There are 2 protein chains.
Amino acid sequence: MIENKSIDTRERILDAGERLFMVHGYDGTSMRQITGEAAVNLAAVNYHFGSKESLMQEVFRRRLGWLNEERIRVLEEMETAAQGNPLKPSQIVDGFFGTLLRMADDDTRGGMTFLRLLGRTLTEPSEFIRTFLMDEYAEVVERYKQALFKALPDVPKAEIVWRFHFMLGATSYAIAGTDALRVVTDWQIEPEETTDRLDRLLPRLMSFILGGLRAPLPQFDSAAVGK
Amino acid sequence: MIENKSIDTRERILDAGERLFMVHGYDGTSMRQITGEAAVNLAAVNYHFGSKESLMQEVFRRRLGWLNEERIRVLEEMETAAQGNPLKPSQIVDGFFGTLLRMADDDTRGGMTFLRLLGRTLTEPSEFIRTFLMDEYAEVVERYKQALFKALPDVPKAEIVWRFHFMLGATSYAIAGTDALRVVTDWQIEPEETTDRLDRLLPRLMSFILGGLRAPLPQFDSAAVGK
DNA sequence: CACTGTTTCATACGTTCGTTTTAAATAATA
DNA sequence: TATTATTTAAAACGAACGTATGAAACAGTG
């Protein structure tokens, strides 16, 4: 290995890609936009990453690697402290979703930009990113799922899995659509809300998804399902 | 106006566009894919709709027009029956989200295909679709918002707006990611779950989002927000 | 039938896309 | 400093993109 020429072409490309993929999506972002914003030559992406797809994967790997390791670290810490007893659902939810949301405050880890990219990507999984995300998430999801099964022994497992799914949705959307949703709604939030919006998003979202997780089980009233 | 030549080129283009935009996204879908799947000439899209963007808008207008009229019809019906009394939150939620989810069973209204397109589009709002969606949604969101304010007079309005936001997210995601999420989780759901998955999604999702809506209000413990 | 407006068709236009190539510039090693 | 490996630079590639054109096929009306 050799030292950087200017201050890291690689990193500048990743930052530009992260931001542009977040704003315009994968297909909507061109190599020329990326290299233009990063102020590097067009060929630099293919030199450093091989292809546009590989760049996209590296954008995710750079952030998700840390995030999912942190999630597992937090979970193990809690499990150690609990000495074999089940964790509280709120602890588990905070370990998974709270750790994610707290990334938004850490600009050295991508901050809001990466979170919003992640949120929108989960609903538009191209084939190549889909298989990649599966690998990155497999272990951490399995661990948290097991923890929830243990924490909620009376709730059917299928139900827990669905609700995990819903929580992921509410979270992704809340992040990805921080202003995309304003669009659809046109609601005005008081000024104080927008300034420190992020500080307040976490407790708000936590309340909501915990409320959903603990909601009464649905009645499968087969006759009235349609209404 | 003149009759159709073969059986409605326009409609076949809309159907193909709806499906392909759902699978590959707007930028990821080419005119040649659309006209190929619809078995019409390449120029037919520009002839009938003017441009690719206009086609996308028409794909949405065709479904959203009916959906949002139906939502308002249902709301007015409930309000009339209530004779000025506040509605139950569960009624309002069912009017908005239940009406949406029940579209999935109606293939003459796009069924799951359109729902999934809608779900993924809400997290990737291109500038041109963003302004369009705002117009389509403005009235219905305002009406339901007001109904919720009235139904939950003790809950701060900002809180209700946020939770509406979260509910929309959980719903969009649950729909858009019907198998995109399987990807991320790799959970196995019992066979019986997948067959009539849709019948069971509605009550499950309803329980979840109602639980979230009724959850205890968050504590803004400013000192401990970061952990 | 001829006439007229509508729809379909094959084809081509000018751009932009991701990628490749060849050479120049830079940094590390001896 | 001479040599070698790494990184940047400029230019070009073929392919695919959305769109436009003009003629052919069609349907409705007299």
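Quick caveat, the model's predicted, so the values are computed rather than measured. Every chain is numbered from 1 and lettered A, B, ... according to where its sequence line falls, protein lines coming before strand lines.
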[atom1] of [X] versus [atom2] of [N]: gap in Å, rounded?
X     : N      : atom1 : atom2 : result
A:I13 : D:dT8  : CD1   : C1'   : 11 Å
B:N46 : C:dT7  : CG    : P     : 15 Å
A:R10 : D:dT8  : CZ    : C1'   : 16 Å
A:R32 : D:dA9  : CZ    : C1'   : 15 Å
B:N41 : D:dG22 : CG    : P     : 16 Å
A:D27 : D:dA16 : CG    : C1'   : 13 Å

Residue [X], side-chain atoms from C-beta onward, closest of [options]:
X     : options               : answer
B:M31 : D:dG18, C:dT20, D:dT6 : D:dG18
A:T9  : D:dA9, D:dT7, D:dA12  : D:dT7
B:S51 : C:dG18, C:dT7, D:dT19 : D:dT19
B:K52 : D:dT6, D:dT19, C:dT19 : D:dT19

Residues from residues 18-25 of chain A sitting under 4.0 Å of DNA chain C, heavy atoms only?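 Per residue number, the list is empty: none.
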When the aromatic ring centroids of A:Y26 and A:F128 are compared, is their separation below 6.0 Å?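 Yes - the distance between ring centres of A:Y26 and A:F128 falls below the 6.0 Å cut-off.
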Test the B:R71-B:F96 pair against the cation-pi criterion, namely NZ or CZ under 6.0 angstrom from the six-membered ring centroid and within 45° of the ring axis.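 Judged by the rule, B:R71 and B:F96 form a cation-pi pair.
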Salt bridge (Lys or Arg N to Asp or Glu O under 4.0 Å) for B:R73 and B:E77? Distances and angles first, verdict last. CA-CA 6 Å; B:R73 193 190 63 73; B:E77 196 174 282; 2.9 Å; yes
Electrostatic pair A:E70:A:R109 at N-O distance under 4.0 angstrom: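 No, this pair does not count.
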May I ask you to evaluate whether A:S30 reaches the phosphate of C:dC17, defined as a side-chain N or O under 4.0 Å from OP1 or OP2?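 So the side chain of A:S30 is within the cut-off, an N or O lying under 4.0 Å from OP1 or OP2 of C:dC17.
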Can you see if the side chain of A:H48 gets near the phosphate of D:dT6 - specifically, an N or O under 4.0 Å from OP1 or OP2?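 It does not, given that no N or O in the side chain of A:H48 lies less than 4.0 Å from OP1 or OP2 of D:dT6.
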